[in-house]
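First up is the structure itself, then whatever we jot down about it.
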Amino acid sequence: MVSLLRFQTTLLTNGRATLSFTFKSTILNWKPLIPLNHSLFRFERKQLSSLSSSNMAQLINEAKAKDLIENVDTFLFDCDGVLWDGHGMIEGSLETLLKLKELGKKVFYVTNNSSKSRQHYLDRCKQLGFPAEKEEIVCTAYIAAAYLKKIQFEGTVYLIGKPDSLGEELSQVGIKYVGTGVKCVLVGFDPHISYMKIMKAATYLKNPNCLYLATNEDANLPAKGDVIVPGTGCMVVTVTHAAKRSPEIMGKPEAHMFEVLQQAHGLDPSRCLMVGDSLTTDMKFAKNCGMRSLLVLSGIATLEELNSKDAPSTPELYAPRLDELLKYI
């Protein structure tokens with residue numbers, strides 16, 4: 001973004017006159033040296049707004065990459081759309097991550113995808129060759145279970161989600177998700193969501209003492225081509241609308257995921273970089289947690305969205321793909 005731009009131009013109005021203009025934010029300050037015919041010189045506010053609100057994110061280059069290597073100890077990676085997509089590994093992502101590990105950087109995998117457990121993600125990483133341990137993986141299914149354990153939840157969870165991901169993580173901390181005594185509704189990704197499930201969830205939530213948790217509110221999942229894959233947010237909004245209650249969000253952009261990592265590994269957010277493909281979740285997450293941020297355009301976000309004045313968040317840096325960083329390190 002051009003935060004301050006100064007230039008001079010010359011117009012002929014009964015002789016030559018030099019005008020100085022200063023552009024700052026959306027305000028135009030100018031002082032003519034002689035009177036002007038305003039019809040000869042006109043600015044459209046819309047054009048000024050476009051100029052002043054243009055992209056603040058900087059395209060990564062050698063100097064910026066060097067700064068990251070010198071001042072960042074920990075790299076947090078979103079997975080889908082950053083490291084891999086529906087077609088497999090994204091070109092150069094593995095090599096970049098391996099280089100960071102070689103340089104002694106800590107690496108964590110941080111995903112909003114609640115359709116997989118940590119074990120599923122660990123298996124996926126191993127299959128593709130990414131170096132990972134279970135404690136380096138944070139998914140929303142795990143965070144939801146960890147949150148309930150932290151608050152010493154007692155009772156049964158009514159689950160809208162996949163038993164082999166959310167159910168598995170709940171079971172590992174000793175929380176029931178079938179049976180009576182429902183005291184929490186937890187909504188995650190559920191490809192088999194139904195009218196009856198929504199009705200039951202909303203009915204439980206009539207009780208103000210019943211907790212309402214959601215793994216995330218992502219509208220779509222990363223997908224190539226013209227196919228739109230609805231995300232967990234499409235399931236959450238139906239329950240929210242029916243119950244007339246808002247959930248506590250476990251995943252990005254809220255800080256729960258980072259807080260778990262910070263407590264376990266003593267992370268300094270100012271020396272962490274969040275790498276993601278979403279302005280709405282990943283880049284907001286970085287801002288909410290005080291981390292630096294790098295947006296890659298290999299997943300959900302597009303350059304047009306990044307440049308839009310209505311962009312939900314602005315990253316510090318951006319790159320077409322993760323391997324753009326590899327060129328300079």
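- Aromatic ring pairs are classed by plane angle as parallel below 30°, tilted from 30° to 60° and perpendicular above 60°; the pair H265 and F108 is tilted.
- Between D67 and R292, the closest side-chain pair of non-hydrogen atoms falls below 4.5 Å.
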Using the side chain to side chain contact (heavy atoms under 4.5 Å, CB included) rule, take L306 and L279 through it: C-alpha gap first, then chi angles, then the decisive distance, then the call. CA-CA 8 Å; L306 178 60; L279 293 166; 4.0 Å; yes
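- Taken to the nearest 0.5 Å, the CG atom of L97 stands 7.5 Å off from the CG atom of L322.
- Under the 4.5 Å side-chain criterion, counting only non-hydrogen atoms from C-beta, E316 is not in contact with Q58.
- A salt bridge is absent between R321 and E324; no separation between the charged side-chain nitrogens and carboxylate oxygens falls under 4.0 Å.
- Q172 places no side-chain N or O within 3.5 Å of a backbone atom of E169 that could act as its donor or acceptor partner.
- When atom types are taken as modelled, the side chain of S165 and the backbone of S114 share a donor-acceptor pair closer than 3.5 angstrom.
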Would you check, one step at a time, whether the test side chain to side chain contact (heavy atoms under 4.5 Å, CB included) holds for I160 with L166? CA-CA 9 Å; I160 294 181; L166 276 166; over 6 Å; no
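- Note that CG of L103 is 12.0 Å distant from CG of L68, once rounded to the nearest 0.5 Å.
- When all heavy atoms of A319 and L59 are compared, the pair lying nearest together is CA-CD1, 4.3 Å.
- Of the listed residues (P253, S278, P315), just one forms a side chain to side chain contact (heavy atoms under 4.5 Å, CB included) with M283, and that residue is P315.
- A donor-acceptor pair under 3.5 Å is formed between the side chain of N112 and the backbone N or O of K252.
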If you apply the rule side chain to side chain contact (heavy atoms under 4.5 Å, CB included), what do you find for C272 with L76, and how did you get there? CA-CA 7 Å; C272 294; L76 286 74; 4.1 Å; yes
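- Across all their heavy atoms, V236 and P247 have their closest contact at CG1-CG, 3.9 Å.
- At a threshold of 4.5 Å between side-chain heavy atoms, the hydrophobic network of Ile, Leu, Val, Met, Phe, Trp and Tyr places Y318 and M274 in two separate groups.
- When side chains are defined from C-beta on, L317 counts as touching L294, because their heavy atoms get closer than 4.5 Å.
- Note on V110: it does not cluster hydrophobically with F130, by side-chain heavy-atom contacts below 4.5 Å among ILVMFWY residues.
- Here the straight-line distance linking atom NZ of K162 with atom NE2 of H120 works out to 7.5 Å at 0.5 Å rounding.
- T240 and Y212 share a donor-acceptor pair across their side chains, judged by distance under 3.5 Å alone.
- Remark: the backbone N or O of T180 is paired with a side-chain donor or acceptor of T156 at under 3.5 angstrom.
- To the nearest 0.5 angstrom, I300 atom CD1 is 8.0 Å from T280 atom OG1.
- In E91, the CD atom is not crowded: 12 or fewer heavy atoms of neighbouring residues, nucleotides or ligands sit closer than 6.0 Å.
- Looking at D282, its side chain does come within 3.5 Å of a backbone N or O of D277 through a donor-acceptor pair.
- For K105, the NZ atom counts as densely surrounded, since its 6.0 Å shell holds more than 12 non-hydrogen atoms of other residues, nucleotides or ligands.
- Proximity of a side-chain donor or acceptor of E136 to a complementary backbone N or O of E133 within less than 3.5 Å is detected.
- E248 and H256 form a side-chain donor-acceptor contact under 3.5 Å, judged by distance and modelled atom types alone.
- At most 12 heavy atoms of other shown residues, nucleotides or ligands fall within 6.0 angstrom of atom NZ in K149.
- Taking hydrophobic clusters as Ile, Leu, Val, Met, Phe, Trp and Tyr residues chained together by side-chain heavy-atom distances below 4.5 Å, L297 does not share a cluster with I90.
- Here the CG atom belonging to N71 is positioned 11.5 Å from the CG atom belonging to L273, to the nearest 0.5 angstrom.
- Looking only at side-chain heavy atoms (C-beta outward), V187 and T238 stay at 4.5 Å or farther from each other.
- To the nearest 0.5 Å, atom CG of residue D78 and atom OG1 of residue T281 are 6.5 Å apart.
- If you chain together hydrophobic residues whose side chains sit under 4.5 Å apart, L267 and V275 never meet in one group.
- Aromatic rings from Y204 and Y158 are positioned such that their centres are separated by under 6.0 Å.
- For the residue pair N113 / T111, no side-chain donor-acceptor distance below 3.5 Å is found, with atom types taken as modelled.
- Of all non-hydrogen atoms in E305 and A301, the two that sit nearest each other are OE1-CA, 3.3 Å.
- Shown here is H87, whose NE2 atom has more than 12 heavy atoms of other residues, nucleotides or ligands within 6.0 Å.
- Nearest heavy atom pair, residue C289 against residue P269, reads O-CB, 3.2 Å.
- At a threshold of 4.5 Å between non-hydrogen side-chain atoms, the residues S298 and D85 do not count as touching.
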What do the steps show when you test T215 against I249 for side chain to side chain contact (heavy atoms under 4.5 Å, CB included), and what is the final call? CA-CA 6 Å; T215 57; I249 303 299; over 6 Å; no
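- Counting non-hydrogen atoms of neighbouring residues, nucleotides and ligands closer than 6.0 angstrom, the NZ atom of K134 exceeds 12 such neighbours.
- Side-chain atoms of D323 do not come within 3.5 Å of backbone N or O of L326 as any donor-acceptor pair.
- The backbone N or O of N209 lies less than 3.5 Å from a partner atom in the side chain of N207, making a donor-acceptor pair.
- When all heavy atoms of T232 and G188 are compared, the closest pair comes out as CG2-C, 3.5 Å.
- Side chain of T96 to backbone of G92: a donor-acceptor contact under 3.5 angstrom is found.
- Within the 4.5 Å cutoff, the side chain of V157 has no heavy atoms near those of the V182 side chain.
- Proximity of C184 to F153: side-chain heavy atoms (C-beta onward) are separated by under 4.5 Å at one or more points.
- Donor-acceptor pairing under 3.5 Å is recorded for the side chains of Q119 and D123.
- When side chains are defined from C-beta on, F75 does not count as touching K106, because their heavy atoms never get closer than 4.5 Å.
- Closest of all the heavy-atom pairs between A201 and V239 is CB-CG1, 3.9 Å.
- Hydrophobic clustering (side-chain heavy atoms under 4.5 Å, transitive across Ile, Leu, Val, Met, Phe, Trp, Tyr) keeps I228 apart from V237.
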